[in-house]
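We name chains A, B, ... by the order of the sequence lines, and we start the count at 1 in each one.
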Number of protein chains: 6
Amino acid sequence: MSTDPFFHPVSGFDLPRYAGVPTFMRLPHVGLDDPRLADVQIGLIGTPWDSGTTNRPGPRHGPRQLRDMSTMMRAQNGATGVRPFEMVNCADLGDVAPNPADLHDSMTRITAFYDRVRDAGIVPLTAGGDHLNSLPILRALGRSEPVGMIHFDSHTDLFKSYFGGTQYTHGTPFRRAIEEGLLDPTRVVQIGIRGTTYDSEDRDFADSVGVRVIPIEEFHARGPEDVMVEAKEIAGDRPTYVSYDIDFVDPAFAPGTGTPEVGGPNSYQAIQVARMLDGVNIIGADLVEVSPPFDASGATAYLGASIMFEMLCNMALRVKG
Amino acid sequence: MSTDPFFHPVSGFDLPRYAGVPTFMRLPHVGLDDPRLADVQIGLIGTPWDSGTTNRPGPRHGPRQLRDMSTMMRAQNGATGVRPFEMVNCADLGDVAPNPADLHDSMTRITAFYDRVRDAGIVPLTAGGDHLNSLPILRALGRSEPVGMIHFDSHTDLFKSYFGGTQYTHGTPFRRAIEEGLLDPTRVVQIGIRGTTYDSEDRDFADSVGVRVIPIEEFHARGPEDVMVEAKEIAGDRPTYVSYDIDFVDPAFAPGTGTPEVGGPNSYQAIQVARMLDGVNIIGADLVEVSPPFDASGATAYLGASIMFEMLCNMALRVKG
Amino acid sequence: MSTDPFFHPVSGFDLPRYAGVPTFMRLPHVGLDDPRLADVQIGLIGTPWDSGTTNRPGPRHGPRQLRDMSTMMRAQNGATGVRPFEMVNCADLGDVAPNPADLHDSMTRITAFYDRVRDAGIVPLTAGGDHLNSLPILRALGRSEPVGMIHFDSHTDLFKSYFGGTQYTHGTPFRRAIEEGLLDPTRVVQIGIRGTTYDSEDRDFADSVGVRVIPIEEFHARGPEDVMVEAKEIAGDRPTYVSYDIDFVDPAFAPGTGTPEVGGPNSYQAIQVARMLDGVNIIGADLVEVSPPFDASGATAYLGASIMFEMLCNMALRVKG
Amino acid sequence: MSTDPFFHPVSGFDLPRYAGVPTFMRLPHVGLDDPRLADVQIGLIGTPWDSGTTNRPGPRHGPRQLRDMSTMMRAQNGATGVRPFEMVNCADLGDVAPNPADLHDSMTRITAFYDRVRDAGIVPLTAGGDHLNSLPILRALGRSEPVGMIHFDSHTDLFKSYFGGTQYTHGTPFRRAIEEGLLDPTRVVQIGIRGTTYDSEDRDFADSVGVRVIPIEEFHARGPEDVMVEAKEIAGDRPTYVSYDIDFVDPAFAPGTGTPEVGGPNSYQAIQVARMLDGVNIIGADLVEVSPPFDASGATAYLGASIMFEMLCNMALRVKG
Amino acid sequence: MSTDPFFHPVSGFDLPRYAGVPTFMRLPHVGLDDPRLADVQIGLIGTPWDSGTTNRPGPRHGPRQLRDMSTMMRAQNGATGVRPFEMVNCADLGDVAPNPADLHDSMTRITAFYDRVRDAGIVPLTAGGDHLNSLPILRALGRSEPVGMIHFDSHTDLFKSYFGGTQYTHGTPFRRAIEEGLLDPTRVVQIGIRGTTYDSEDRDFADSVGVRVIPIEEFHARGPEDVMVEAKEIAGDRPTYVSYDIDFVDPAFAPGTGTPEVGGPNSYQAIQVARMLDGVNIIGADLVEVSPPFDASGATAYLGASIMFEMLCNMALRVKG
Amino acid sequence: MSTDPFFHPVSGFDLPRYAGVPTFMRLPHVGLDDPRLADVQIGLIGTPWDSGTTNRPGPRHGPRQLRDMSTMMRAQNGATGVRPFEMVNCADLGDVAPNPADLHDSMTRITAFYDRVRDAGIVPLTAGGDHLNSLPILRALGRSEPVGMIHFDSHTDLFKSYFGGTQYTHGTPFRRAIEEGLLDPTRVVQIGIRGTTYDSEDRDFADSVGVRVIPIEEFHARGPEDVMVEAKEIAGDRPTYVSYDIDFVDPAFAPGTGTPEVGGPNSYQAIQVARMLDGVNIIGADLVEVSPPFDASGATAYLGASIMFEMLCNMALRVKG
């Protein structure tokens, strides 16, 4: 019933958690050309790329700091008792190699990487990178049919364009994904939206195509449980992508991000919503916009790694079936 | 219906928000001698002065960091849809020039500046500076009749004196303002009071003159909405000053301040109370005690700028009528 | 009815709070060989030792930073009106001298120090140091009979051993204390437990000996008041130790600690639970795991000092009787 | 003999240096459409763009922090007695508006801006931005004839391409500039080169076209004076561009940069080499690669602003003639 | 031959250096009313006051951080073998109590404190505070006859006034001291002067009264040894005050100060000049302008404490005779 | 002529340097049980252990941050042209697993690890950890015959004991190593010694056994070249260990360490002395005392990695022969 010991993380009782080469959650590093790839069920992947960032850059450094902080994760979920690494084979698949000076080349490289992951039957859990990364990932995961999405964020990322017509930025990925038929907008829910805006063009688009937007005022009024019940109804049981922008969380808890918006959920709520993804048919998930230059202490990455662990537990439950 | 484009902020789609000379909210800089002053309806002003600080100095640097972070504000309030810059002409009036080595000279300079602002018919929104700044401002705004005040803070700032008789510190401005007839104590409410004290002399004075003090325990028990209903009843519809000390907010959300007190509101509540000032007859407002040396990241100033934006929206609604 | 002025803290009106030699709460420094020791009723003590730390070290620096930040405490509890320094004689007893390179020698030194404190009839309030410090302290305070304990933490610290059999780490003190008969497990309650684990060995032990564990999910669901009512029932009126690990609090409010776990209480709740210790028969208390290298700003120590002040007020009420 | 007072910086005796809207060196802000542009002789310009950065991003934030720190500059050079602002009309021309998500669009925008500056007869002093900014600037300044260059850096920035053929990064600008005929390689000198490399392709190219490279070992052995004598001989009296990458300086003095190399000059030498540019026929200069996210304290920007002031003094001497 | 053990610092072998209540150099705290005052020969004093600061405040926090870092000092000078604490009785005399909101009251308090110190026959070594502190100190030490001064700084502090006539700031103390007859200008030497200025009014004054100014260019050209030979000749053997502004040192080594100027001495030279004060008839010394808010790490205070130790060694040699 | 491509580091042109799982210098991770171990010639090893630290802990985190920063190293030495990874097979052998709560168990584990490394014919380059790590390493490397040592440090680490008889701390390793016959004291040279001391017991011991101590004053007077000529003469051509304590370097360049001493070499000199180890018969080397909690920016680790690269170049030259 237990998984291959090759895929078990290094225990902190064997090697202290601050020690050793930091892979995601202390899992083995299995590159795409490694023969063990065939045995991997869930793959943790870094996308160290932030060329879509229109304001403060830095998320390209996210995967490394998330790897570092993820070594603080232990074997068992303290709240639910789930032990994901004994349920399914998990591995660190390494980073996609972006081209920091060529946006379109980078997107091509990312999609190619995730095509291989998908073809290997591996469910990917991504550590970004900025939010534009979700688009080339969805080009791999949503290529056969549009998928649903549960999206935690303070921004809709549904804008049409920036700077006089620029189509690809971290504020536009899901507009593009809907246009490209990668997402089914009627199965998309966005939770935590807030902050000042230039206009309501994104919200008007959401309304026009059937995306459900839950602003932060509604989130605080209803509470996480109630909101998540609705979110899971929207996603239904068909394939669903989960995209978690760390700026969903209040900047006191997650300062290391480029476009923070005050007034968000606290860290307990940040964990709660991820934990309540149980039962969702997750075909991939990401945790994006962790920007180490704005949080040298790593507190944001530590929260991010904790959220990834909660998502991983639910992904493992689903994969194991 | 819309305002003069001269008074519109630079858009982040024309020039990224991190770029350009940082004025308050990317508004035009209109000095007191500028001919466009006559068209200004709401003026954002910096008072870079902290000589009243008895503990940890630094708020003199507040205006610059608040200007910097305020460039993150966009055109529209995400929660209410208000677009203040299209409703009234707003401008950055620059900083009052203090004399860092002469407390009384500085107060004279500040009052003189605000006299000119008031005489020009401009409603001022101030970025401090320490809380003693509110006194010379009130000497301008309250000179014809005592005004009411809604005051967010962890301290009453109603003490009689410090250090064996010193009358003017950031712990005494409102005691002086009441003594000088600038404030009507029966229309003053103080929200969020907490922390250790030397004695109850301030609270006894408040009781004796009719100032309503709402300690943090009551705030947390009743919630922001209920408290703000009472606060607005106390202020009534007559001229009211709003004074917002950033140490009202819990130091996890606002670490950059000189006299923090733990156990305060979170950032969502910090925004909520400012948003609920709608309808108040605001004749001036300030956001004080942001101390950049104690928060190099600017998170405190970012929250401060977000609060200023909320206050500005309500000021614009009132000015436009 | 008031205490000896010798034992009154320096007032911030006489000497600003940032000035002067920083003793705990600006109290007089009374070493164990000082003749005034006989008059002390509550002694504040530093245990600058962290050799039990298995992950990120630093709490050895806690006492100094806690002293520094404790100078921000004033004379009176703002919420309850208690003025502890006028009720009982309080003093800073200095630091125990540890041996940073010899774990067992250090434990011997700590117990010897607290034996003298106990023999002098002084109730100790300790600033750690890591959580292993609680064990040698309990060897002094629990030597005549097992005591009860109210324990705030995100970890149970009830593990059997680490690294293949190591008995003494900051994850094992209360397992040892129960084994050594220093604690009565049926009068022990642990509040706030959360985070990932390696297994459930600690929780199984707790269940087997009757320790009550209140995980964070239950804490958030019931609220601090309800939980504290139960905690005080468990402790009863017999001698009780209070152990407060700062990692009980969410890391946004207390980043300076070695083993943070996200999703904890906020600072208001952190204060509330300490304030609700009124009436408990406290025979000693500690505040541990403040790690300055992970919080250069001192915010964690400031919260820690605020919690110590709340505990001190309740200890003074009890000592005065 | 003195310049128009309109162009004099605000004095710190009138308004403290930490106060007021921060323009470069407290000069007036004169946009390209401002009628006063015709009177400007030296223009300080920000290029907040870093899309050429292949490693750690952040220089897009450089202009704002350089403006902030440049307000510390006073009227007179303490070492030489030069008072630049009384010699020639200087102004802050604002920032070029880049497109953070489109590299080529940004280069086009930068060249267009500098074309206008050049056409107005203004000598530009640029605050970057990463080093790729120098290429579109040279496309404006070197369009009529190839110019010479004195280049301070730890890297040659002469590489052919990155990431399998990418032509435009911050490691390639001067290779492109030589290829495009903007620079005369025989009048180019590069000072301070050091650090590990992948290969010697850049140095081989330099040798092949006649660029003089002075590695750091030679710099330390000969000293700044001797090196600068040679550098000025190489540049001669014909039009010369000065490009100063802050990573020329040792990272202890300039930590805020993306690709630091240890073992560089100290801050005194960093100033010396700029001061020794007297007499050079400077047709433009830049100070690039200041990256605020890697130096929240602003020490790097402060040094950068000090270097800009030294360069400005020499530019003013030359412009005044 | 050795001093009273009461005056010996706590050894790091008895209590680790990071532990214990932090007095200056771990010396006993002897207040002005303490009977042991009569035995003190050299007194270390804090002046936590910075109301003369015209730019970035913070030195009021200097004494506490200097005390903290001074606990790193051990018993013996590693270079010279001097063991000061065994030569003369040294003690921490505590802090002068300033009035942060009243500049003149504070100066009066400081002079009164030093009058008592002088009358007790104690040679004071002061930890500032900003440089204005030197004036009230000199009013005590120079009251019977003008003294000489060796002054390390990047600024002359000889300006006439600020902000339209303000006489007392940290840029004017020695102008006042010369005017008041506290300093003999012909026995004053200022070393390290640099940075931009508004004008040469200070230097003209220096020339007119005979103060010798050694700018940084001369310092770097001649080297510390040569400069110090001249400095000691200027001071001669009559009573001499030593004033050491930490901004003398390059900001890479001493970032924590309010008015840094790049291009200064390194830390070895900073120590060298203090060590070469041997033989000077030091009647008092200060180390000022350490500003902890601008250096949370304490590196500046650590260097400051190291400089204080060097000065103390030379003071002890002289006192012992 | 070139090495097996398996052992070549990942190029920054294939995967940006900030990306990917961070092994030492981007080398392959080859554990002690990996079959490729037989092909390794130089092994980079982390010893994440600091239980010998008597003052400020943290070096246990050194290996991870050194790995992170070492990814900035490229293929070729910019000054000498050496390309070490093409000369000998280098690999990251991972970390020794210490027992943070048991000093002697940890030393046993370290020696066992290095015994295996030595037996495999691999020359180890170690990233500490505190300086006590050198002792168990020398127990492996010096077991057959006493070796010489070139030691860069600000402390001799030759003390007899601490805290009343404790034998094993980071201040005693080389006293023990000489006593145990692991080092030949007549072939040991210590360079850079400085700072305050408790007494001269270490220096007296050095003199008595023939260890050559070069204090910092001599180092600055003679310069690095001259000193290194002598150092290499002392070491001769027999097996020599190189131990490099990062606190050898001035704390402005290497702030992240527990026991800094001001007045040390700059970063250029720090590199120079490592570069001048060419020709030494290095049988092992370490870089210790990098303490990330005291330098979140990683500047110290970046310098440390640069020094490791220089040492590695010389080790490769020797190994290749």
Which bit of [X] comes within less than 4.5 Å of chain C, counting heavy atoms only: side chain, backbone, both or neither?
X: Asn55(B); result: both
X: Pro260(B); result: both
X: Phe253(B); result: side chain
X: Thr197(B); result: both

Indicate the atoms forming the closest heavy-atom contact of [X] with [Y], along with that distance.
X: Gln76(C); Y: Asp199(B); result: OE1-CA, 3.7 Å
X: Phe13(C); Y: Ser161(B); result: CZ-O, 4.2 Å
X: Ala252(C); Y: Ala252(B); result: O-CB, 3.5 Å
X: Ser267(C); Y: Val262(B); result: OG-C, 4.0 Å

Heavy-atom pairs under 4.5 Å with chain C, option from Thr54(B), Ile193(B), Asp250(B) with the top count: Asp250(B)

Would a distance-only check, ignoring hydrogens and angles, find a side-chain to backbone donor-acceptor pair under 3.5 Å from Tyr18(C) to Arg56(B)? no

Relative to chain B, which segment of [X] carries a heavy atom at a distance below 4.5 Å: side chain, backbone, both, or neither?
X: Leu303(C); answer: both
X: Ala299(C); answer: neither
X: Ser11(C); answer: both

How far does [atom1] of [X] sit from [atom2] of [Y], to the nearest 0.5 angstrom?
X: Ile271(C); Y: Arg194(B); atom1: CD1; atom2: CZ; answer: 10.5 Å
X: Leu15(C); Y: Phe163(B); atom1: CG; atom2: CZ; answer: 9.0 Å
X: Met72(C); Y: Thr259(B); atom1: CE; atom2: OG1; answer: 6.0 Å

Taking side chain as C-beta onward, heavy atoms only, is Tyr302(C) less than 4.5 Å from Glu261(B)? yes

Determine, step by step, whether Glu217(B) and Tyr268(C) satisfy the side chain to side chain contact (heavy atoms under 4.5 Å, CB included) criterion, reporting the C-alpha distance in whole Å, the side-chain angles of both residues, the deciding distance to 0.1 Å, and the verdict. CA-CA 9 Å; Glu217(B) 292 78 21; Tyr268(C) 185 65; 3.5 Å; yes

